[in-house]
Amino acid sequence: MATPHIEAETGDIAPLVLMSGDPLRAKYIAETYLEKPKVFNEVRNMLGYTGIWKGERVSVMGSGMGIPSISIYVEELCRFYGVQRIMRVGTCGAIQEHLALKDLVIAVSACTDSAVNSARFFGASYAPTADFPMAVRAAELAKQRGMNFHAGTVVSTDIFYAHEGDLSWKVWADYGALCLEMETAGLYTIAAKHKVRALTVLTVSDSLVSKQAASSKERERSYTGMMETALDTIIKKC
Ligand code: HPA
């Protein structure tokens, strides 16, 4: 069985799926954290692997960048492969002063400037929301690990390179949003449609407030904490 974008056979993909924007990051996660990783997708180089974490079958796959890309993969994972839980692991740009580089963000909900959901919901606005037990579990695990974490709303933007001088992110910040990223509103919406539980956890890679950016070494180290938290969250029955 194959879908337009995934060539896996039924059963090749675990019911628990981690997604990173970068497919090479998915390969790295599979090869670093999972026992016996086996590739299940190479279509468009959107690599996907299934392996074992603490005795549980877990898959990890790239999502690509932006809501349209992740929405296609999440729809196919939910509709054709019987996936039960999906977690996005990624990076974000802080828009609040109290978020430091390398902090963890647990995305409780996702605002968006994308037209996708206003088209889907006849001009009305939908509130893409995380699975609550998974969000609580991720917070508990982050606390146990002594990580600096924040739980709240994020902004899934369609625009990475804003027009020069565009400070519209400050409006989101005034209403309490924590950071910018590009996929979570799509993940939460499509997962909800299929009654699939979903959560995004993010590492702060840069700050629009302080204009700092984490070095690749710093990002690597904070990524390890996020990855282990994500894997422990997704295998926990809750
Ligand atoms: N904007 C959107 N996505 C991001 C950013 C950003 O500033 N930083 C990391 N992911």
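Remember, it's 1-based here, ligands and their atoms both numbered in the order they're listed.
- When each atom of ligand 1 is checked for a heavy atom of Ser205 under 4.0 Å away, the hits are 9 (C).
- Closest protein heavy atom to atom 2 (C) of ligand 1: Phe160 CD1, 3.7 Å.
- For Asp232 and Lys54, the salt-bridge test passes: some basic side-chain N is under 4.0 Å from an acidic carboxylate O.
- Scanning all protein heavy atoms for the shortest distance to atom 8 (N) of ligand 1 gives Asp206 OD1, 2.9 Å.
- Regarding atom 5 (C) of ligand 1, its nearest protein heavy-atom neighbour is Gly93 N, 3.6 Å.
- Of all the atoms in ligand 1, the ones that sit under 4.0 Å from a non-hydrogen atom of Met182 are 2 (C), 3 (N).
- Nearest protein heavy-atom neighbour of atom 10 (N) of ligand 1: Thr91 O, 3.6 Å.
- Between Glu140 and Arg137 there is a salt bridge, since a side-chain N of the basic residue sits under 4.0 Å from a carboxylate O of the acidic one.
- Both Met87 and Trp53 belong to a common hydrophobic cluster when Ile, Leu, Val, Met, Phe, Trp and Tyr are linked at side-chain heavy-atom distances under 4.5 angstrom.
- For Leu208, the heavy-atom gap to ligand 1 drops under 4.0 angstrom.
- Looking only at heavy atoms of the protein, atom 4 (C) of ligand 1 is closest to Leu180 O, 3.6 Å.
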message: Could you go through Thr200 and Tyr188, starting from their C-alpha distance and side-chain angles, then the distance that decides it, and tell me whether this counts as side chain to side chain contact (heavy atoms under 4.5 Å, CB included)?
response: CA-CA 9 Å; Thr200 289; Tyr188 289 177; 3.6 Å; yes
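- Checking Val201, Leu99, Thr184 one by one against Val105, the side chain to side chain contact (heavy atoms under 4.5 Å, CB included) holds for a single residue, Leu99.
- The CD1 atom of Ile86 lies 10.5 Å from the CD atom of Gln84; values are rounded to the nearest 0.5 Å.
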